Engineer: 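Quick one: this structure, given as structure tokens, is what I'll be asking you about.
Residues take their numbers from the sequence shown, with the count starting at 1. Keep in mind the model is a prediction, meaning the values are calculated, not measured.
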Amino acid sequence: MGNSTRDIARQGLEPKPKAAPERAGKSAGFGAKSAAGPGLRAPWGNIVSDNVKRAAQAGIGGLPAAIAASAKLVDSALDAVLPTPAGPQARVQEAMRYAIMAGGKRLRPFLVLHSARLFGVDDSRSLRVGAAIEALHTYSLVHDDLPCMDDDDLRRGRPTTHIAFDEMTAVLAGDALLTIAFEILSDARTHPSGDVRCALIARLAEASGHSGMIGGQIIDMLANETFGIEDVINLQRLKTGQLFEFSCEAGPILGGASAEDRARLKSYAEEMGVVFQITDDLLDVTSTAEKTGKAVGKDADMGKQTLVTLLGLDGARREAEKRATRAVEALGPHAARAPELSALPFFLLDRDA
């Protein structure tokens with residue numbers, strides 16, 4: 001998995017010389033033994049081409065281990081960039097750490113890490129970007145859980161930040177996590193080029209602002225039973241998908257890749273984001289709070305329209321399978337070189353948390 005957790009923590013995430021792009025079919029943290037075994041259930045059946053299926057199967061067997069290893073690296077990066085609680089502001093710093101160090105798959109940093117490896121970017125740089133997107137994502141969760149929003153008291157299996165602390169502290173901790181994301185990106189340790197840092201900052205601001213995540217959030221809060229399929233897809237493309245798009249575009253931005261490469265990763269993220277949201281909505285109907293680490297059944301209680309309510313369970317699953325195929329096809333020549341990215345959309349189809 002590239003640099004070890006201990007090395008990154010000791011070096012303060014200082015970048016090393018740029019590594020060469022990895023060879024086709026091989027990636028750090030993924031050896032030949034990570035290919036799917038003969039007993040692997042392929043839920044997508046025959047809906048993908050042979051090339052796409054081979055690329056996905058090459059990675060799916062080892063994906064849980066790769067996600068866990070990536071999350072460990074990201075946790076180390078977060079520990080290095082987050083403030084140590086001290087002084088009169090210690091309470092909000094404690095709340096920041098409480099919210100963000102609650103575990104989770106760290107999928108957005110995972111996407112940054114593996115999209116960046118396609119273009120020979122050193123892990124120390126992509127992990128800083130991963131820490132930034134995780135900080136911003138966590139801010140959105142902290143605010144989303146507040147009584148004035150979704151009013152949740154459980155997140156990642158433990159009390160939400162406003163329950164563990166109080167509403168005032170949760171609001172301020174969320175604000176601090178939002179702003180530290182841009183502080184991390186603006187630091188020269190993220191990339192020596194000011195142009196690259198500005199590109200990252202601009203794209204994340206766009207993805208998270210009024211025309212991105214926040215725009216999707218207000219649409220979600222005001223949505224009603226008249227919403228149709230395209231309305232829901234647009235809402236989720238903004239609320240959830242934009243941060244996935246940033247995460248996948250960050251790799252080619254860091255690596256100075258072509259506009260075509262960036263467009264491929266963006267298209268991949270658009271489709272993968274729909275898969276993620278559909279499976280999230282399926283879990284809200286079919287899973288339990290013990291498995292997901294958060295309240296379930298809330299969409300139905302609030303009368304929210306989702307692709308599950310609009311298409312039914314089977315229809316939603318079929319749509320997710322179709323989008324998973326499109327996601328991997330969007331990668332084009334990168335599909336075989338990034339088995340982790342190829343496998344992820346299909347891995348999400350069967351997730352239970």
Engineer: I'd like to check the side chain to side chain donor-acceptor pair (under 3.5 Å) partners of Asp175; sequence neighbours left out, ordered by chain and number.
Structural biologist: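 Side chain to side chain donor-acceptor pair (under 3.5 Å) list for Asp175, sorted by chain: empty.
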
Engineer: Please determine which of Leu310, Asn234, Ile219 meets the side chain to side chain contact (heavy atoms under 4.5 Å, CB included) test together with Phe227.
Structural biologist: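 The single option meeting the side chain to side chain contact (heavy atoms under 4.5 Å, CB included) with Phe227 is Ile219.
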
Engineer: Could Arg317 and Asp314 be called an ion pair, given the rule that one side-chain N must be under 4.0 Å from one carboxylate O?
Structural biologist: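 Result for this pair is yes, salt bridge flagged.
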
Engineer: In terms of side-chain geometry, is the basic nitrogen of Glu206 or Arg203 positioned less than 4.0 Å from the acidic oxygen of its partner?
Structural biologist: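 The answer is yes: the pair qualifies as a salt bridge.
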
Engineer: Consider side chain to side chain contact (heavy atoms under 4.5 Å, CB included). Of Asp280, Ile278, Leu107, which one does Leu348 pass it with?
Structural biologist: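 For Leu348, the side chain to side chain contact (heavy atoms under 4.5 Å, CB included) test succeeds with only one of Asp280, Ile278, Leu107, which is Leu107.
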
Engineer: If you compare all heavy atoms of Leu235 against all heavy atoms of Ala223, which two are closest, and at what distance to 0.1 Å?
Structural biologist: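 Minimum heavy-atom separation between Leu235 and Ala223: CD1-CB, 4.4 Å.
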
Engineer: Are the side chain of Asp187 and the backbone N or O of Arg189 linked by a donor-acceptor pair below 3.5 Å?
Structural biologist: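 It does hold such a pair.
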
Engineer: May I ask you to check whether Thr190 and Arg128 show a side-chain donor-acceptor distance below 3.5 Å?
Structural biologist: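 There is such a pair between these side chains.
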
Engineer: Output every pair passing ring-ring contact (aromatic ring centres under 6.0 Å, His included) with a member in residues 264-285, not counting sequence neighbours, ordered by first then second residue.
Structural biologist: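 Pairs touching residues 264-285 that pass the test: Phe244-Phe276.
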
Engineer: Would the distance check show the side chain of Ser267 and the main-chain N or O of Ala330 forming a donor-acceptor pair, the cut-off being under 3.5 Å?
Structural biologist: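 A pair under 3.5 Å: no.
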
Engineer: For a quick test of reading the model, state the closest non-hydrogen atom pair linking Leu254 to Ala116 and the distance between them.
Structural biologist: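 Minimum heavy-atom separation between Leu254 and Ala116: CD1-CB, 4.5 Å.
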
Engineer: Is the closest side-chain donor-acceptor distance between Ser193 and Asp195 under 3.5 Å?
Structural biologist: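 Result is no, nothing qualifies.
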
Engineer: Name all pairs fulfilling the ring-ring contact (aromatic ring centres under 6.0 Å, His included) condition that reach into residues 148-196, sequence neighbours left out, sorted by first residue then second.
Structural biologist: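 Non-adjacent pairs meeting ring-ring contact (aromatic ring centres under 6.0 Å, His included): Tyr98-Phe165.
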
Engineer: Listing request: all salt bridge (Lys or Arg N to Asp or Glu O under 4.0 Å) pairs with a residue in residues 250-267, at least two apart in sequence or in separate chains.
Structural biologist: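 Qualifying pairs: Glu245-Lys266, Glu249-Arg262, Glu260-Arg264, Lys266-Glu270.
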
Engineer: May I ask you to check whether Phe119 and His334 place their ring centres under 6.0 Å from each other?
Structural biologist: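 Judged by ring-centre distance (under 6.0 Å), His334 and Phe119 do meet the cut-off.
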
Engineer: Which pairs would a plain distance check flag for residues 87-94, meaning a side-chain donor or acceptor within less than 3.5 Å of a matching protein atom at least two apart in sequence or in another chain?
Structural biologist:
{"residue": "Arg91", "atom": "NE", "partner": "Thr169", "partner atom": "OG1", "Å": "3.2"}
{"residue": "Arg91", "atom": "NH2", "partner": "Asp166", "partner atom": "OD2", "Å": "2.9"}
{"residue": "Gln93", "atom": "OE1", "partner": "Ala86", "partner atom": "N", "Å": "3.0"}

Engineer: I need the single residue from Leu204, Val112, Val129, Leu113 that forms a side chain to side chain contact (heavy atoms under 4.5 Å, CB included) with Ser247. Which is it?
Structural biologist: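 Per the side chain to side chain contact (heavy atoms under 4.5 Å, CB included) rule, the option paired with Ser247 is Val112, out of Leu204, Val112, Val129, Leu113.
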
Engineer: Quick one, Leu341 with Leu118, criterion side chain to side chain contact (heavy atoms under 4.5 Å, CB included). Give me CA distance, side-chain angles, the key distance, then yes/no.
Structural biologist: CA-CA 10 Å; Leu341 297 181; Leu118 278 171; 4.1 Å; yes

Engineer: Are the side chain of Asn224 and the backbone of Thr226 linked by a donor-acceptor contact shorter than 3.5 Å?
Structural biologist: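 The answer is yes, because a donor-acceptor pair under 3.5 Å joins these two groups.
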
Engineer: Go through the structure and list residues passing ring-ring contact (aromatic ring centres under 6.0 Å, His included) with Tyr139, not counting sequence neighbours.
Structural biologist: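 Here the qualifying residues are His143.
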
